[in-house]
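Below, chain A is the first sequence line, B the second, and so on; all start at residue 1. No experiment lies behind these values; they were computed from the predicted model shown.
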There are 2 protein chains.
Amino acid sequence: MTLSIGMLARRAGAKVQTIRYYEQIGLMAEPIRTYGGQRRYEEDAVKRLSFIRHARALGFSLDQIRNLLELADDPKRDCTAADSIAREHLAAVKAKIAALNSLKRELIRMVDCCDGTDTAHCRVIETLANHDLCASPNHEPVQ
Amino acid sequence: MTLSIGMLARRAGAKVQTIRYYEQIGLMAEPIRTYGGQRRYEEDAVKRLSFIRHARALGFSLDQIRNLLELADDPKRDCTAADSIAREHLAAVKAKIAALNSLKRELIRMVDCCDGTDTAHCRVIETLANHDLCASPNHEPVQ
DNA sequence: CTTGAACCTACATCTATTGTAGAAATAAGA
DNA sequence: TCTTATTTCTACAATAGATGTAGGTTCAAG
């Protein structure tokens, strides 16, 4: 039994358009079509799409996922390569957590000092207007 | 003394194109022009742009910044409004940290089990292929 | 055979920039 | 004043990772 794109979407937790998008960028193979031109998928497409969605949920980029899929497709899997992609991503995640934590501290500082009575001096706005806090130029915005 | 767009960029830590973009979307006012058509900025543009860049560095969206700027421009500042924007953002940051922390745990689990000798069973790939880990459909990818 | 849901393509939209091409303006030095 | 290097100008395209839309077709059930 084959699956329509909508059924595949439900099975793997993705939007229909997202599947077509993945096909377009070459992450999912072009499936067979009905005489009317509709896509029909085999069971293994569910696995592949689930893999992609899960990796996305873990924050891997589509490029990283493309690499992981190549490794997964390879019969003589190179575990160390997949491992290093995951490690690299782990390091990025750790760095992002650290950045967000210092961000959190600064936000708490902004928010804590404002008791709502002193409307003339708004801590939030003053903090953002304060040049010292972003003294170094060309800092990257933390997403 | 007025500033060229390049000097403003250097003073506030932004790219020239970014300034033109901010003007285009109405975050920065249109400055006066020379007879030749080049932009010339007053000193206060440095402050405003620094405010924006700093807020961006703290992860505020341009829409949030637009709101903060309106509040900052208002002579009778409503501190509580700015405060609630910052609090809202703080909550989002906290949520993102929590999501990244569980992500980190899962990545560590993936990576720790692979000692590099057992190449037949790649933990990383198997974890991603495992359906159970993302059982609920329509989960949002954590950015 | 009809009807409504799902599907098709192609294009636009979103965020927040960054990069490009090709032309014009400006500032500094000779 | 002339030249030249740097900067600036506009307009458009690209990035990631999808999502939304319009207008039309196909499919499956009754």
Taking only side-chain N and O atoms of [X], does any of them lie within less than 4.0 angstrom of OP1 or OP2 on [N]?
| X | N | result |
| --- | --- | --- |
| B/Thr34 | C/dT26 | yes |
| B/Tyr22 | C/dT17 | yes |
| B/Ser4 | D/dT8 | yes |
| A/Thr18 | D/dG17 | no |
| A/Arg33 | C/dT9 | yes |
| A/Arg56 | D/dA18 | yes |

Rounding to a whole Å, what distance do you find between [X]:[atom1] and [N]:[atom2]?
| X | N | atom1 | atom2 | value |
| --- | --- | --- | --- | --- |
| B/Ile19 | D/dT7 | CD1 | C1' | 13 Å |
| B/Gln17 | C/dT18 | CD | C1' | 6 Å |
| B/Met7 | C/dA25 | CE | P | 21 Å |
| B/Arg53 | C/dT18 | CZ | C1' | 11 Å |
| B/Leu3 | D/dT8 | CG | C1' | 15 Å |
| B/Arg10 | D/dT8 | CZ | P | 7 Å |
| A/Leu27 | D/dA16 | CG | P | 12 Å |
| A/Arg39 | C/dT9 | CZ | C1' | 9 Å |

Is A/Arg20 touching bases, backbone alone, or none of the nucleic acid, heavy atoms closer than 4.0 Å?
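Base, at least one base heavy atom under 4.0 Å.
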Determine the contact category for A/Ile25: base if any of its heavy atoms lies under 4.0 Å from a base atom, sugar-phosphate if only primed atoms, P, OP1 or OP2 are that close, otherwise nothing.
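No contact.
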Within the distance-only criterion (no hydrogens, no angle test), does the side chain of [X] pair as donor or acceptor with the backbone N or O of [Y] below 3.5 angstrom?
| X | Y | value |
| --- | --- | --- |
| A/Thr18 | A/Ala14 | no |
| B/Arg48 | B/Leu27 | yes |
| B/Gln64 | B/Ser61 | yes |

Electrostatic pair A/Arg39-A/Glu23, nearest N-O below 4.0 angstrom
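A/Glu23 and A/Arg39: salt-bridged.
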Indicate whether any N or O donor in one side chain lies under 3.5 Å from an N or O acceptor in the other, for B/Arg11 and B/Tyr41.
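Checked: B/Arg11/B/Tyr41 side chains show no N/O donor-acceptor pair below 3.5 Å.
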Take B/Ile52 and B/Gln38, find for each the nucleotide of DNA chain C with the closest heavy atom, and name the residue whose nucleotide sits nearer the 5' end.
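Nearest-nucleotide comparison on DNA chain C picks B/Ile52.
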When you measure from the side chain of B/Arg40, which nucleotide among C/dA27, D/dG20, C/dA25 comes out closest?
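Nearest to the side-chain atoms of B/Arg40, counting from C-beta on, is C/dA27.
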Report the residue (A/Gly36 or A/Leu62) whose heavy-atom-nearest nucleotide on DNA chain D is the more 5′ of the two.
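Its nearest nucleotide being more 5', the pick is A/Leu62.
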